[in-house]
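Have a look at the structure below, then the notes.
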Amino acid sequence: MALAVTSSSSASISGRTFTPSSEPKAPQLGCIRVFDRSYGQIQSNAVTFSQRRSSVKPVNAQPKRSESIVPSAATVFAPEVVEKVEVEDYAQLAKELENASPLEIMDKALEKFGNDIAIAFSGAEDVALIEYAHLTGRPYRVFSLDTGRLNPETYQFFDTVEKHYGIRIEYMFPDAVEVQALVRTKGLFSFYEDGHQECCRVRKVRPLRRALKGLRAWITGQRKDQSPGTRSEIPVVQVDPVFEGLDGGAGSLVKWNPVANVEGHDIWNFLRAMNVPVNSLHSKGYISIGCEPCTRSVLPGQHEREGRWWWEDAKAKECGLHKGNIKQEGGGENGKAAQSNGAATETDIFTSQNLVTLSRTGIENLAKLEDRKEPWIVVLYASWCQFCQAMEASYVELADTLAGSGVKVGKFRADGEQKEFAQKELQLGSFPTILFFPKHSSQPIKYPTEKRDVNSLLAFVNALR
């Protein structure tokens with residue numbers, strides 16, 4: 001994933017002319033500052049949180065894994081920004097910016113979040129985002145996910161972009177142990193047989209989640225015309241419905257989509273007009289570009305997403321990076337995703353081979369046991385709940401982390417007919433509710449906080465196991 005900061009530009013916005021600034025001096029290493037963090041809250045559509053800005057922090061929430069962080073010497077740092085507290089209704093802001101240009105939206109995003117926001121660059125036409133950021137004259141950061149399965153042309157394009165803009169891209173990589181386990185167990189091309197979600201979760205979603213945990217906002221290249229099944233309703237700015245940001249918890253991350261209302265041909269007109277470098281795969285018929293095994297060129301007249309996961313349902317072509325789109329298309333609370341035949345199917349969450357799905361009988365038996373052979377942690381959830389969706393990646397990672405540790409990880413669907421039972425017998429107050437069933441106690445212990453990142457959940461388990 002890439003961390004890039006630049007201040008140079010000569011573009012004009014709203015009558016103001018930006019002139020190139022002098023090259024910032026390299027930072028002194030070994031100086032650490034600690035700031036208090038305030039946690040986000042969601043109330044209706046309004047989000048309140050404290051933005052505390054300091055010198056640029058790595059786009060990585062897990063500094064323990066030093067191999068995933070680019071050395072400081074390879075990073076250009078932006079000047080320190082004055083601490084600022086903001087209260088924002090992002091649903092209202094999205095309406096206000098509905099007719100704004102991508103440049104105006106980008107400028108607003110960078111102005112609001114400074115060093116706490118970064119551009120997600122995929123190696124395709126997302127380069128337009130970098131160009132818009134460059135034109136604002138503000139410092140900006142760029143990151144990308146290297147899945148290990150990209151085309152050679154994409155890697156060459158990354159290098160070209162770095163040189164063109166004078167930036168350094170900080171790459172996020174999948175966990176080598178997880179990739180090894182997947183390939184050894186299921187082979188190199190299991191996604192052709194059982195769907196791409198598992199591979200994408202290991203190679204893309206989890207590295208992205210680590211990256212976003214170091215941010216308060218991110219910028220994507222999503223457009224409404226990219227996928228009629230999943231992206232037709234995306235706003236230009238929103239509270240991220242799936243991932244968590246730096247402060248943790250629902251509402252802690254804001255997602256900006258500056259080109260949401262721009263059509264594909266207009267993006268290309270912009271790239272040509274600005275003489276922006278592009279991936280050479282585009283000239284070979286590739287429009288939407290992802291991993292090499294899952295991307296192919298399209299014929300004239302075909303929709304761009306037909307070249308991605310072409311063997312799967314055309315209305316569910318998301319890798320998990322924008323999984324919230326599928327929930328929205330499915331009707332929100334009903335949690336139903338559209339199928340190509342016009343029918344609807346229930347879309348469940350928390351899927352992992354290390355996670356046990358409990359039936360009503362199963363959780364009743366678990367609750368009655370007074371001398372369990374092993375402790376359990378169980379989430380009471382509803383698949384349509386946005387807060388449950390937001391913690392899915394963390395909970396699945398928890399299950400995978402605890403595999404073989406002697407702690408069982410389970411889930412129980414507690415909405416619908418099971419809701420009254422869960423409220424009376426399982427302490428269900430709201431979704432999600434997380435319970436720990438100790439080894440030698442009949443009384444489950446309720447997880448007391450809304451901080452649902454994997455480290456917090458692990459601390460809770462380790463304190464009670």
Side-chain angles (χ1 to χ4, degrees), residues 1-9 11 13-14 16 18-27 31-40 47-61 69-70 72 75-90 93 97 100 102-121 129-143 165-170 211-220 236-240 243-248 251-258:
M1 163 166 101
L3 174 59
V5 181
T6 179
S7 302
S8 61
S9 173
I13 301 177
S14 303
R16 181 180 60 183
F18 296 97
T19 56
S21 60
S22 59
E23 186 69 14
K25 296 181 179 179
C31 180
I32 301 175
R33 296 182 181 179
V34 180
F35 295 89
D36 293 332
R37 305 291 184 192
S38 59
Y39 294 92
V47 178
T48 304
F49 58 84
S50 173
Q51 289 193 136
R52 299 184 179 273
R53 299 175 181 170
S54 62
S55 57
V56 172
K57 300 169 285 299
V59 188
N60 188 335
I69 304 176
V70 171
S72 297
T75 300
V76 181
F77 285 71
E80 186 170 330
V81 181
V82 177
E83 182 177 306
K84 190 176 182 180
V85 177
E86 295 182 4
V87 177
E88 190 69 76
D89 181 341
Y90 286 100
L93 182 60
L97 294 175
L103 186 59
E104 291 175 301
I105 298 169
M106 178 67 74
D107 188 61
K108 176 69 72 173
L110 296 178
E111 177 189 24
K112 277 185 170 294
F113 289 94
N115 296 330
D116 291 332
I117 190 170
I119 297 169
F121 176 50
L129 298 176
I130 301 178
E131 179 67 14
Y132 283 123
H134 177 74
L135 291 174
T136 68
R138 300 182 185 276
Y140 61 92
R141 308 168 69 180
V142 182
F143 74 91
Y165 291 101
I167 62 176
R168 298 298 296 176
I169 299 176
E170 184 180 312
L212 297 180
K213 285 291 290 181
L215 299 169
R216 287 193 171 90
W218 63 309
I219 302 169
T220 85
V236 297
V237 60
Q238 63 188 134
V239 175
D240 196 297
F243 295 99
E244 298 180 3
L246 185 63
D247 290 331
S252 59
L253 186 70
V254 178
K255 186 176 184 179
W256 292 79
N257 309 300

Least distance between heavy atoms, [X] atom then [Y] atom:
{"X": "Glu244", "Y": "Leu253", "value": "C-CB, 3.9 Å"}
{"X": "Ala133", "Y": "Ile119", "value": "CB-CD1, 3.6 Å"}
{"X": "Ser252", "Y": "Gly245", "value": "OG-N, 2.8 Å"}

Stepwise side chain to side chain contact (heavy atoms under 4.5 Å, CB included) check, Lys255 with Phe243: CA-CA 10 Å; Lys255 186 176 184 179; Phe243 295 99; over 6 Å; no
A side-chain contact here means heavy atoms from C-beta on lying under 4.5 Å apart; do [X] and [Y] qualify?
{"X": "Tyr165", "Y": "Glu131", "answer": "yes"}
{"X": "Asn257", "Y": "Gln238", "answer": "yes"}
{"X": "Leu215", "Y": "Ile117", "answer": "no"}
{"X": "Phe121", "Y": "Ile167", "answer": "no"}

By side-chain contact (heavy atoms from CB on, under 4.5 Å) - contacts of Ala120 (at least two apart): Phe143, Trp218
Separation of [Y] [atom2] from [X] [atom1] (nearest 0.5 Å):
{"X": "Leu135", "Y": "Asp107", "atom1": "CG", "atom2": "CG", "answer": "10.5 Å"}
{"X": "Met106", "Y": "Ile130", "atom1": "CE", "atom2": "CD1", "answer": "9.0 Å"}
{"X": "Leu110", "Y": "Asn115", "atom1": "CG", "atom2": "CG", "answer": "10.0 Å"}
{"X": "Glu111", "Y": "Glu104", "atom1": "CD", "atom2": "CD", "answer": "12.0 Å"}

Check against side chain to side chain contact (heavy atoms under 4.5 Å, CB included), Ile219 and Phe113: CA-CA 11 Å; Ile219 302 169; Phe113 289 94; over 6 Å; no
